[in-house]
Amino acid sequence: VKRKKILFLSTAGAILALWLAWGNYSLEVNEYTVSDSRIPEVFSGFRIAQVSDLHNASLGRDNARLLDALRKAEPDIIVVTGDLVDSRRPDMKVAEAFVKAAGKIAPVYYVSGNHEARLDYTAIRDILLKADVIVLDDEKTTLQRNGEAIMLVGLADPRFSSEKTLEMTLRRLMEDVSEYAILLSHRPELFEMYKDAGVCLSFTGHAHGGQVRLPFVGGVLVPNQGFFPEYDSGMYKLGESIMLVSRGLGDSIIPLRINNRRSLLIVELRPGE
């Protein structure tokens with residue numbers, strides 16, 4: 001009986017260890033379709049890949065697994081929503097190598113996260129610009145197809161200023177926008193602000209999926225939202241505004257994910273009724 005008990009516990013421990021390893025090192029591709037009557041017909045099937053919270057992580061040698069997943073997704077653009085580097089162990093070589101390789105797949109658009117705000121952001125920004133990344137901190141740009149357009153708006157992380165300044169900046173950027181507006185911002189907890197400013201679709205990160213996720217409950221603890229947060233992973237809707245929250249691809253303070261695989265988001269646009 002004692003041997004059986006030891007064997008059972010050893011087997012259970014091995015299975016748990018394998019499950020944790022798989023959950024921490026495997027990559028999950030989460031695909032969503034966003035339908036909206038405000039999306040121009042010529043943008044039907046337009047694919048956006050979201051990379052968020054990489055935190056210097058390398059999924060495979062030189063991020064080979066992540067880059068392979070991006071190639072297979074065949075995105076029209078790649079959006080990076082902050083924390084490309086980690087302020088506790090900054091390594092711009094990893095980030096630079098990734099964005100250079102990603103830029104060969106599709107144009108890369110970037111906004112900063114709270115970790116970039118803790119570092120020498122001028123140096124980071126220069127490296128990104130030299131790698132042909134389009135940096136959209138508090139800026140906007142137009143995506144065009146056959147005479148039709150979508151507006152891409154970006155916000156720098158509020159650690160560079162304040163939430164109040166962020167709100168004023170977003171309203172300024174949105175005041176003359178008549179096109180379907182897509183926002184890149186690191187912070188999901190500000191969804192109501194995005195909706196009130198007239199944003200149609202937001203891409204955010206920061207939450208890391210709650211790091212630990214419980215079945216039927218979701219994330220346990222998220223920065224700036226606390227325990228059992230409202231916005232931790234996936235798609236959310238307020239009025240006519242939609243927000244996607246990435247669970248991220250790296251780790252920060254706690255290098256352990258439980259029931260929370262690393263996530264690459266792929267969103268396909270469709271004109272709705």
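Starting from 1, each residue takes its place in the sequence as its number.
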After noting the C-alpha distance and the side-chain angles of K100 and E96, does the key distance pass the salt bridge (charged side-chain N to carboxylate O under 4.0 Å, His left out) rule?
CA-CA 6 Å; K100 281 183 176 179; E96 183 180 10; 3.3 Å; yes
If you look only at pairs with a residue in residues 194-203, which of them pass as a side chain to side chain donor-acceptor pair (under 3.5 Å), with sequence neighbours excluded?
S185-Y194
One pair to check against side-chain hydrogen bond (donor to acceptor under 3.5 Å, both in side chains): Y110 and E116. What are the steps and the verdict?
CA-CA 12 Å; Y110 164 91; E116 283 90 353; 3.1 Å; yes
Side chain to side chain donor-acceptor pair (under 3.5 Å) filter on S87, not counting sequence neighbours, yields H115, R118
Applying salt bridge (Lys or Arg N to Asp or Glu O under 4.0 Å) as the test, list every pair that has at least one member in residues 123-136; sequence neighbours left out.
R125-E139
Short side-chain to backbone donor-acceptor contact, K140 and L152, under 3.5 Å
no
When you look at D157 and S112, which way does the side-chain hydrogen bond (donor to acceptor under 3.5 Å, both in side chains) test go after all the steps?
CA-CA 6 Å; D157 191 81; S112 57; over 6 Å; no
I'd like to know if R47 and E31 make a salt bridge, using a cut-off of under 4.0 Å between side-chain N and carboxylate O.
yes
Is it the case that the side chain of R187 and the backbone of L190 share a donor-acceptor pair, with hydrogens and angles ignored and the cut-off at 3.5 Å?
no
My understanding is that only residues two or more places apart in sequence, or in another chain, count here; which of them pass salt bridge (charged side-chain N to carboxylate O under 4.0 Å, His left out) with E240?
R38
Common cluster, V99/L27, ILVMFWY with side-chain heavy-atom separation under 4.5 Å:
yes
Is the backbone N or O of D138 less than 3.5 Å from a side-chain atom of T169, with the two atoms forming a donor-acceptor pair by type?
no
So does G210 get a backbone contact from the side chain of R257, meaning a donor-acceptor N/O pair under 3.5 Å?
no
Keeping the roles fixed (side chain from N259, backbone from R213), state whether a donor-acceptor pair exists under 3.5 Å.
yes
Is a donor on one side and an acceptor on the other found under 3.5 Å between the side chain of H186 and the backbone of T81?
yes
Please tell me whether M168 and M193 are part of a single hydrophobic cluster in this structure, the criterion being side-chain heavy atoms less than 4.5 Å apart.
no
Can T142 and E179 be said to form a side-chain hydrogen bond (donor to acceptor under 3.5 Å, both in side chains), step by step?
CA-CA 9 Å; T142 303; E179 301 89 348; 5.2 Å; no
Has E28 got a side-chain atom pairing as donor or acceptor with L264's backbone, closer than 3.5 angstrom?
no
Please list, chain by chain and in numerical order, all residues satisfying ring pair (Phe, Tyr, Trp, His ring centres under 6.0 Å) with Y231, sequence neighbours excluded.
F191, Y236
Enumerate, atom names and distances included, each donor-acceptor pair closer than 3.5 Å involving a side-chain atom of residues 54-62, sequence neighbours excluded.
residue	atom	partner	partner atom	Å
H55	ND1	D86	OD2	2.8
H55	NE2	D83	OD2	3.4
H55	NE2	H208	NE2	3.3
N56	OD1	D86	N	3.1
N56	ND2	D91	O	3.1
S58	OG	G60	O	2.9
S58	OG	N63	N	3.2

Partners of S263 by side chain to side chain donor-acceptor pair (under 3.5 Å), sequence neighbours excluded?
N30
Taking only residues two or more places apart in sequence or in another chain, which ones pass ring pair (Phe, Tyr, Trp, His ring centres under 6.0 Å) with F228?
none
For salt bridge (charged side-chain N to carboxylate O under 4.0 Å, His left out), just list the numbers for D53 and R247, CA-CA rounded to whole Å, side-chain angles, deciding distance to a tenth of an Å, and then say yes or no.
CA-CA 8 Å; D53 299 273; R247 297 197 311 274; over 6 Å; no
Atom pair CD1 (I266) and OH (Y32), whose distance is rounded to the nearest 0.5 Å:
11.5 Å
N224 vs H206, test: side-chain hydrogen bond (donor to acceptor under 3.5 Å, both in side chains). Steps then yes/no.
CA-CA 9 Å; N224 301 100; H206 190 53; 2.7 Å; yes
Could you tell me whether a side-chain N or O of T165 sits under 3.5 Å from a main-chain N or O of S161, the two making a donor and an acceptor?
no
Evaluation steps, side-chain contact (heavy atoms from CB on, under 4.5 Å), between Y180 and L201:
CA-CA 8 Å; Y180 184 80; L201 174 64; 3.4 Å; yes
Can you spot which of V80, L265, V79 makes a side-chain contact (heavy atoms from CB on, under 4.5 Å) with V51?
V80
Could you go through the side-chain contact (heavy atoms from CB on, under 4.5 Å) check for V212 and N260 one step at a time?
CA-CA 6 Å; V212 175; N260 181 24; over 6 Å; no
Using a strict 4.0 Å threshold on nitrogen-to-oxygen distance, state whether D36 and R270 make a salt bridge.
no
Hydrophobic clusters here meaning ILVMFWY residues chained together by side-chain heavy-atom distances under 4.5 Å, can you tell me if I242 and I48 are in one?
yes
Could you pull out all residues at least two apart from R65 that satisfy side chain to side chain donor-acceptor pair (under 3.5 Å)?
none
Please tell me whether L249 and L84 are part of a single hydrophobic cluster in this structure, the criterion being side-chain heavy atoms less than 4.5 Å apart.
yes
Y109 and F43: same hydrophobic cluster, using ILVMFWY side-chain contacts below 4.5 Å?
yes
T204 side chain to L244 main-chain N or O, any donor-acceptor pair under 3.5 Å?
yes
With sequence neighbours left out, what residues match N146 under side chain to side chain donor-acceptor pair (under 3.5 Å)?
none
So with a 6.0 Å cut-off around CD of E192, is the heavy-atom count from everything else above 12?
no
Pairs involving residues 124-155, ordered by first then second residue, that meet ring-ring contact (aromatic ring centres under 6.0 Å, His included) (sequence neighbours left out):
none
Pairs flagged by ring-ring contact (aromatic ring centres under 6.0 Å, His included) wherever residues 138-162 is involved - sequence neighbours left out:
Y121-F160
